[in-house]
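Note that the structure is predicted; figures quoted are calculated from it, not measured.
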Amino acid sequence: MLSPKKVKYRKKQKGRMKGAPLKGATLQFGDYGIQAVGCGFMSAQQIEAARIAVTRHVKRGGKMWIRVFPDKPICKKPAETRMGKGKGAPEGWVAVVKPGRILYELEGVDMALAQEAFRLAGHKLPFATRFVSRR
């Protein structure tokens with residue numbers, strides 16, 4: 001799974017996902033991409049599941065770019081724990097995704113194949129997505 005090698009602080013606050021993304025809203029590398037329509041946290045497991053769905057469908061053809069990275073720690077307290085006693089331990093890593101953010105890009109395959117691959121990948125993600133292309 002993806003995770004940062006080193007972070008400045010072990011625990012982060014949740015924050016808000018308001019507004020448009022500051023970067024990553026246009027295709028930079030490939031011909032086709034999948035763009036987030038909604039906002040949310042995308043876990044390292046979800047990033048990997050969507051990547052596997054795309055690579056399996058295109059039968060390892062073409063080239064793929066992952067445009068998100070899980071750099072935010074998510075903390076959880078153990079089950080059946082009383083209130084108080086501080087913030088829970090870090091449990092996993094997530095990427096904060098705002099509407100308009102490009103998640104994956106693909107090149108070297110035809111449009112119909114890319115569209116179907118990204119449709120399958122969109123089912124693995126916790127928010128709505130749409131297919132985008134350079135044309």
Side-chain angles (χ1 to χ4, degrees):
M1 295 298 136
L2 293 171
S3 66
K5 288 188 183 93
K6 191 173 146 186
V7 288
K8 192 168 183 180
Y9 298 107
R10 256 180 82 230
K11 301 174 181 180
K12 269 191 187 174
Q13 292 187 333
K14 227 173 252 159
R16 294 286 170 261
M17 287 175 274
K18 241 176 100 161
L22 297 173
K23 58 182 180 181
T26 57
L27 290 174
Q28 296 291 322
F29 307 104
D31 299 326
Y32 311 107
I34 185 171
Q35 186 177 40
V37 176
C39 63
F41 289 149
M42 196 171 164
S43 71
Q45 290 85 355
Q46 289 165 339
I47 294 170
E48 184 67 9
R51 182 195 67 79
I52 289 168
V54 171
T55 52
R56 278 198 182 142
H57 190 74
V58 298
K59 297 185 173 68
R60 291 183 297 154
K63 183 163 173 54
M64 186 175 178
W65 289 268
I66 302 172
R67 297 279 308 273
V68 288
F69 186 80
D71 58 349
K72 186 187 195 83
I74 287 297
C75 300
K76 271 203 175 159
K77 296 180 91 159
E80 298 179 11
T81 305
R82 290 186 179 188
M83 293 285 105
K85 305 277 191 280
K87 192 173 172 82
E91 192 183 69
W93 298 91
V94 296
V96 179
V97 177
K98 292 182 174 184
R101 179 75 192 232
I102 301 288
L103 307 171
Y104 299 93
E105 291 188 33
L106 192 60
E107 87 173 358
V109 296
D110 65 335
M111 190 171 189
L113 187 65
Q115 208 161 4
E116 180 61 18
F118 283 140
R119 186 189 68 80
L120 293 171
H123 290 306
K124 311 284 182 201
L125 304 178
F127 39 76
T129 58
R130 71 175 177 185
F131 177 78
V132 291
S133 68
R134 283 196 193 276
R135 298 177 247 269

Over 12 foreign heavy atoms within 6.0 Å of [atom1], [X]:
X: Arg16; atom1: CZ; answer: no
X: Lys124; atom1: NZ; answer: no
X: Lys76; atom1: NZ; answer: no

Exercise. Angle class for the Phe131/Phe118 ring planes (parallel below 30°, perpendicular above 60°, tilted otherwise)?
Worked result: tilted
For this session: Start with the C-alpha gap between Glu107 and Met64, add the side-chain angles, then the distance that decides, and say whether side-chain contact (heavy atoms from CB on, under 4.5 Å) holds.
Result: CA-CA 7 Å; Glu107 87 173 358; Met64 186 175 178; over 6 Å; no
Measure the shortest side-chain to side-chain distance between [X] and [Y] over non-hydrogen atoms and say whether it is less than 4.5 angstrom.
X: Tyr32; Y: Gln115; result: no
X: Arg10; Y: Pro73; result: no
X: Phe41; Y: Pro70; result: no
X: Met1; Y: Gln45; result: yes
X: Gln35; Y: Arg101; result: no
X: Phe29; Y: Lys63; result: no
X: Asp71; Y: Val7; result: no
X: Thr26; Y: Ile102; result: no

Exercise. Does Lys87 use its side chain to pair, donor to acceptor, with the backbone of Lys12 at less than 3.5 Å?
Worked result: yes
Exercise. Is Arg119 reaching over with its side chain to a backbone N or O of Arg130, donor-acceptor style, under 3.5 angstrom?
Worked result: no
If hydrophobic clusters are built from ILVMFWY residues whose side chains come within less than 4.5 Å, do [X] and [Y] share one?
X: Ile74; Y: Met17; answer: yes
X: Val109; Y: Leu120; answer: no
X: Val94; Y: Phe127; answer: no
X: Trp93; Y: Val97; answer: no
X: Leu113; Y: Met111; answer: yes

Rounded distance (nearest 0.5 Å) linking atom [atom1] of [X] with atom [atom2] of [Y]:
X: Tyr104; Y: Arg51; atom1: OH; atom2: CZ; value: 8.5 Å
X: Ser43; Y: Glu91; atom1: OG; atom2: CD; value: 10.5 Å
X: Ile34; Y: Thr129; atom1: CD1; atom2: OG1; value: 3.5 Å
X: Glu105; Y: Ser133; atom1: CD; atom2: OG; value: 11.5 Å
X: Lys77; Y: Lys85; atom1: NZ; atom2: NZ; value: 8.5 Å
X: Leu106; Y: Leu27; atom1: CG; atom2: CG; value: 10.5 Å

Minimum heavy-atom separation for [X] to [Y], with atom names?
X: Ala44; Y: Leu2; answer: CB-O, 3.4 Å
X: Pro21; Y: Pro99; answer: CD-O, 2.8 Å
X: Ala117; Y: Val58; answer: CB-CG1, 4.0 Å
X: Gln13; Y: Lys72; answer: O-NZ, 3.1 Å
X: Cys39; Y: Lys98; answer: CB-CA, 4.1 Å
X: Val54; Y: Ala121; answer: CG2-CB, 3.6 Å

